[in-house]
A.B. asks: 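Quick one: the structure is below, and I'll ask about it shortly.
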Protein chains: 2
Amino acid sequence: MVREGQITTRMSNIASNIENYLKHLLETAPGAVILLQRKELAALFQCVPSQINYVLSTRFIPEKGYLVESRRGGGGFLRIRKLELSREKAECLMTLQRELNREGLSLRELSGVIGRLVDAGLVTSREGRIMQEAIRPAICLVGETAVHRCRVAALAGMLAILFSE
Amino acid sequence: MVREGQITTRMSNIASNIENYLKHLLETAPGAVILLQRKELAALFQCVPSQINYVLSTRFIPEKGYLVESRRGGGGFLRIRKLELSREKAECLMTLQRELNREGLSLRELSGVIGRLVDAGLVTSREGRIMQEAIRPAICLVGETAVHRCRVAALAGMLAILFSE
DNA sequence: TAATCTATGGTCAGAGAAGGTCAAATTACA
DNA sequence: TGTAATTTGACCTTCTCTGACCATAGATTA
């Protein structure tokens, strides 16, 4: 459980080097967006490509204010975006997301987070319903294709909300 | 994931280049209809003719609001039309929802459905971004099993979207 | 008119080009 | 020394590109 500012010793592992490199790129990038290729980045740091995924999945997550998109196949890419948030918003977001990562968080509690956003006027009630639908547990999500099925179910539910108005 | 039209930068591949070219033509074409020949387009982009079919069948599909007609033989042609979908007609999209459970539906296709809703004015662009985030494959699911993490990741991503505005 | 020729576009399977996932092995740290 | 973070590679999925072969429309000719 490493927190910024507590690190006194080494930063000399590949993951941190890549992290720093990407953050530097993001700082100087117009729009705080960078576009790159996994294998090139891996080649640059002389590591296996999956190392890049490790870095992205541990350092460039929404909780930390980053959004990552990607595409496979020829012309594939990774796009990393740094969200530019005001101080208050960033803090509020942090708080909420810290809450999300607590262990054993129930669906009801997730749902509660959305409810509070609506109450606070940060999210319209319609947006709130869309989000509720997105996290509603879809029945029959057994097996390995669970994640994709989860997405399909979420989208189907969101469509239902949208069309019910 | 990637929603066409929101992309600001992209890795270059032939398919995307052709896609952009055609969309540009469509934007400036009276009646949102263009008429062209497969082999000429292929020659323009220095690719095999079937590449054109690939682009048409992956990017200019009804789900994304395009209609393609063609004719073979001498004087053959391709006609591509961008459909104007009125809000009233949007109930057609209900069919899409029925098709969401079709096997082999890719994330891009799911994403395309959302894009279509935005285009149709059924969904605000902000709502669209929320929804895109909800179906994006959580890149932070490494080594975890899955569905609940997926929901948490989706909500985290949606929060990030909401706070970035 | 029927047969044939020629100019198009269509289909499909396979190769190639990315990125994604998982779990075991290793390393760093408290 | 035990736990968490990192590193790696085998294997998977998705997207793109190509070419051989197919189908059709219109023009030409017998």
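Computed over heavy atoms, backbone and side chain alike; hydrogens, waters and symmetry mates excluded.
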A.B. asks: Compare the minimum distances between each of D/dA5, D/dT18, D/dT16 and the side chain of B/Val48, then state the nucleotide with the smallest one.
C.D. replies: D/dT18
A.B. asks: When all nucleic acid strands are considered with a 4.0 Å heavy-atom cut-off, which category describes B/Gly73: base, sugar-phosphate, or nothing?
C.D. replies: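 Base: the residue B/Gly73, judged by heavy atoms under 4.0 Å, touches a nucleobase.
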A.B. asks: Between D/dT6, C/dG9, D/dT18, which nucleotide gets closest to the side-chain atoms of A/Asn13?
C.D. replies: D/dT6
A.B. asks: Reckon B/Ile14 touches a base, only the sugar-phosphate, or nothing at all at heavy-atom distances under 4.0 Å?
C.D. replies: sugar-phosphate
A.B. asks: Does either side chain, that of B/Ser50 or that of B/Asn53, offer a donor lying less than 3.5 Å from an acceptor on the other one?
C.D. replies: no
A.B. asks: D/dT16 phosphate, OP1 or OP2: any side-chain N/O from B/Gln51 under 4.0 angstrom?
C.D. replies: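 No, outside the criterion.
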A.B. asks: Is A/Glu69 paired with A/Arg81 through a side-chain N to carboxylate O contact shorter than 4.0 Å?
C.D. replies: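 Yes, this pair counts.
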A.B. asks: Check whether any side-chain N or O of B/Tyr54 sits under 4.0 Å from OP1 or OP2 of D/dC17, and answer yes or no.
C.D. replies: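 For D/dC17, neither OP1 nor OP2 has a side-chain N or O of B/Tyr54 closer than 4.0 Å.
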A.B. asks: Other than A/Val48, which residues form its hydrophobic cluster under the rule that side-chain heavy atoms must be closer than 4.5 Å?
C.D. replies: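 Listed partners: none, A/Val48 stands alone.
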A.B. asks: Given atom CG of A/Asn17 and atom P of C/dA28, what is their separation to the nearest angstrom?
C.D. replies: 13 Å
A.B. asks: Do B/Leu56 and B/Tyr66 come close enough that some side-chain heavy atom pair is under 4.5 Å?
C.D. replies: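 They are not in contact (no side-chain heavy atoms under 4.5 Å apart), so the answer is no.
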A.B. asks: Taking atom P of C/dA18 as reference, at what distance in whole Å does atom CZ of A/Arg79 sit?
C.D. replies: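 To the nearest whole Å, that distance equals 17 Å.
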A.B. asks: Please list all pairs meeting ring-ring contact (aromatic ring centres under 6.0 Å, His included) that have one or both residues in residues 78-99 of chain A, counting only residues at least two apart or in different chains.
C.D. replies: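 Of all non-adjacent pairs touching residues 78-99 of chain A, none passes ring-ring contact (aromatic ring centres under 6.0 Å, His included).
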A.B. asks: Taking only side-chain nitrogens and oxygens of A/Arg59, does any of them come within less than 4.0 Å of OP1 or OP2 of D/dT6?
C.D. replies: yes
A.B. asks: Find the distance B/Gln37:CD to D/dA25:P and express it as a whole number of Å.
C.D. replies: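 It is 16 Å, rounded to the nearest whole Å.
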A.B. asks: What integer distance in Å separates A/Ile61:CD1 from D/dA5:P?
C.D. replies: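 My rounded result for the distance is 12 Å.
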A.B. asks: Strictly under 3.5 Å: I want the nitrogen or oxygen pairs between protein and nucleotides 10-14 of chain C, one per line.
C.D. replies:
from, atom 1, to, atom 2, distance (Å)
C/dG10, OP1, B/Ser70, OG, 2.8
C/dG10, OP2, B/Asn53, ND2, 2.8
C/dG10, O4', B/Arg72, NH2, 3.0
C/dG10, N7, B/Arg38, NH1, 3.0
C/dG10, N7, B/Arg38, NH2, 3.2

A.B. asks: Taking atom types as modelled and ignoring hydrogens, do the side chains of B/Ser16 and B/Arg59 form a donor-acceptor contact shorter than 3.5 angstrom?
C.D. replies: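 Side-chain D/A pair, B/Ser16 to B/Arg59: present.
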A.B. asks: Would you mind checking if A/Glu19 and A/Lys23 are paired as a salt bridge, meaning a charged N to carboxylate O distance below 4.0 Å?
C.D. replies: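 Looking at A/Lys23 and A/Glu19, the cut-off is met.
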A.B. asks: Would you mind reading off the distance between A/Glu19 atom CD and D/dT6 atom C1', rounded to a whole angstrom?
C.D. replies: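 The answer, rounded to whole Å, is 13 Å.
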